[in-house]
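Worksheet for the structure shown next.
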Amino acid sequence: QKDDDIEEGDLPEHKRPPAPIDFSKIDPGKPESILKLTKKGKTLMMFVTVSGNPTEKETEEITSLWQGSLFNANYDVQRFIVGSNRAIFMLRDGGYAWEIKDFLVSQERCADVTLEGQVYPGKGAEESEKVKNKTKPEKAKKKKDTDKKSNSVKEDNRATKQREDL
């Protein structure tokens with residue numbers, strides 16, 4: 001080996017070999033457990049929306065409190081304000097992301113947390129937002145609507161009706 005070789009821990013994240021995944025720890029009933037294991041040791045970002053209509057200064061103060069609480073619980077989180085009511089929380093180890101998400105959604109002023117493309121409504125979300133993010137009631141409603149349509153229109157399954165005035 002050369003004397004100027006860089007140790008594995010000092011390499012940038014994209015050049016480090018991925019950590020081996022222990023598939024015995026994966027719970028097939030919980031898809032989040034797979035994500036937790038695959039994100040372990042990797043940098044991950046989550047978006048957090050503050051409820052109400054806060055100014056950028058209020059958002060700064062509220063998210064600073066959350067960051068302090070997470071720091072006290074030994075979570076290494078960096079915070080960046082990206083709008084008047086939005087912030088990015090950057091984690092050095094993505095394996096802790098779901099624990100941090102659980103903490104954030106339990107906060108009074110948290111409207112929602114976006115993690116890996118999934119939006120989780122927070123305690124501070126408006127009722128309409130909480131309902132909008134739940135998929136099961138909408139599916140049931142859509143099914144009822146399609147049942148009504150199929151009962152009222154008992155025709156063939158063609159895209160257009162045949163012209164009768166030929």
Legend entry - Interatomic spacing from CG in L44 to CZ in R92 - rounded to 0.5 Å: 12.0 Å
Inset, instruction - To the nearest 0.5 Å, tell me how far I81 CD1 sits from K57 NZ. - result: 13.0 Å
Legend entry - Smallest separation among heavy atoms of G124 and S51, with atom names: O-CB, 3.2 Å
Inset, instruction - Evaluate the ring planes of Y75 and Y96, with Trp represented by its six-membered ring, and classify them as parallel (under 30°), tilted (30 to 60°) or perpendicular (over 60°). - result: perpendicular
Legend entry - Straight-line distance of Q118 CD to K101 NZ, nearest 0.5 Å: 8.5 Å
Legend entry - Distance, nearest 0.5 Å, that separates CE of M45 from CD1 of I88: 6.0 Å
Legend entry - Donor-acceptor contact present, side-chain E58 to main-chain T55, <3.5 Å: yes
Inset, instruction - Tell me, yes or no, whether the heavy-atom count around F71 atom CZ, taken from other residues, nucleotides or ligands under 6.0 Å, exceeds 12. - result: no
Inset, instruction - May I ask you to test the R79-V48 pair for a side-chain heavy-atom distance under 4.5 Å? - result: no
Legend entry - Closest non-hydrogen atom pair between K123 and Q107, with its separation: CB-O, 3.3 Å
Inset, instruction - Step through the shown structure and confirm whether more than 12 heavy atoms of other residues, nucleotides or ligands are within 6.0 Å of CG on N53. - result: no
Legend entry - Separation between CD of E60 and CG of L65, rounded to the nearest 0.5 Å: 10.5 Å
Inset, instruction - Could you tell me the separation between the CG atom of D93 and the NZ atom of K42, rounded to the nearest 0.5 Å? - result: 11.5 Å
Legend entry - R109 versus P54, closest heavy-atom pair with distance: NH2-CB, 3.8 Å
Inset, instruction - Heavy atoms only: give me the nearest A87-T63 pair and the separation to one decimal. - result: CB-CG2, 3.9 Å
Legend entry - Any L104 side-chain heavy atom under 4.5 Å of M46 side chain: yes
Inset, instruction - For P121 and V119, work out which heavy atoms get closest and say how close. - result: CD-O, 3.8 Å
Inset, instruction - Tell me, with the steps shown, if R86 and T114 meet side chain to side chain contact (heavy atoms under 4.5 Å, CB included). - result: CA-CA 11 Å; R86 248 167 117 70; T114 306; 4.1 Å; yes
Inset, instruction - Treating Ile, Leu, Val, Met, Phe, Trp and Tyr as nodes and any side-chain heavy-atom pair under 4.5 angstrom as an edge, say whether F47 and W66 lie in one connected cluster. - result: no
Inset, instruction - Quick one: closest heavy-atom pair of S69 and F103, and the distance? - result: CB-CZ, 3.6 Å
Legend entry - I100 side chain near V113 side chain, heavy-atom distance below 4.5 Å: no
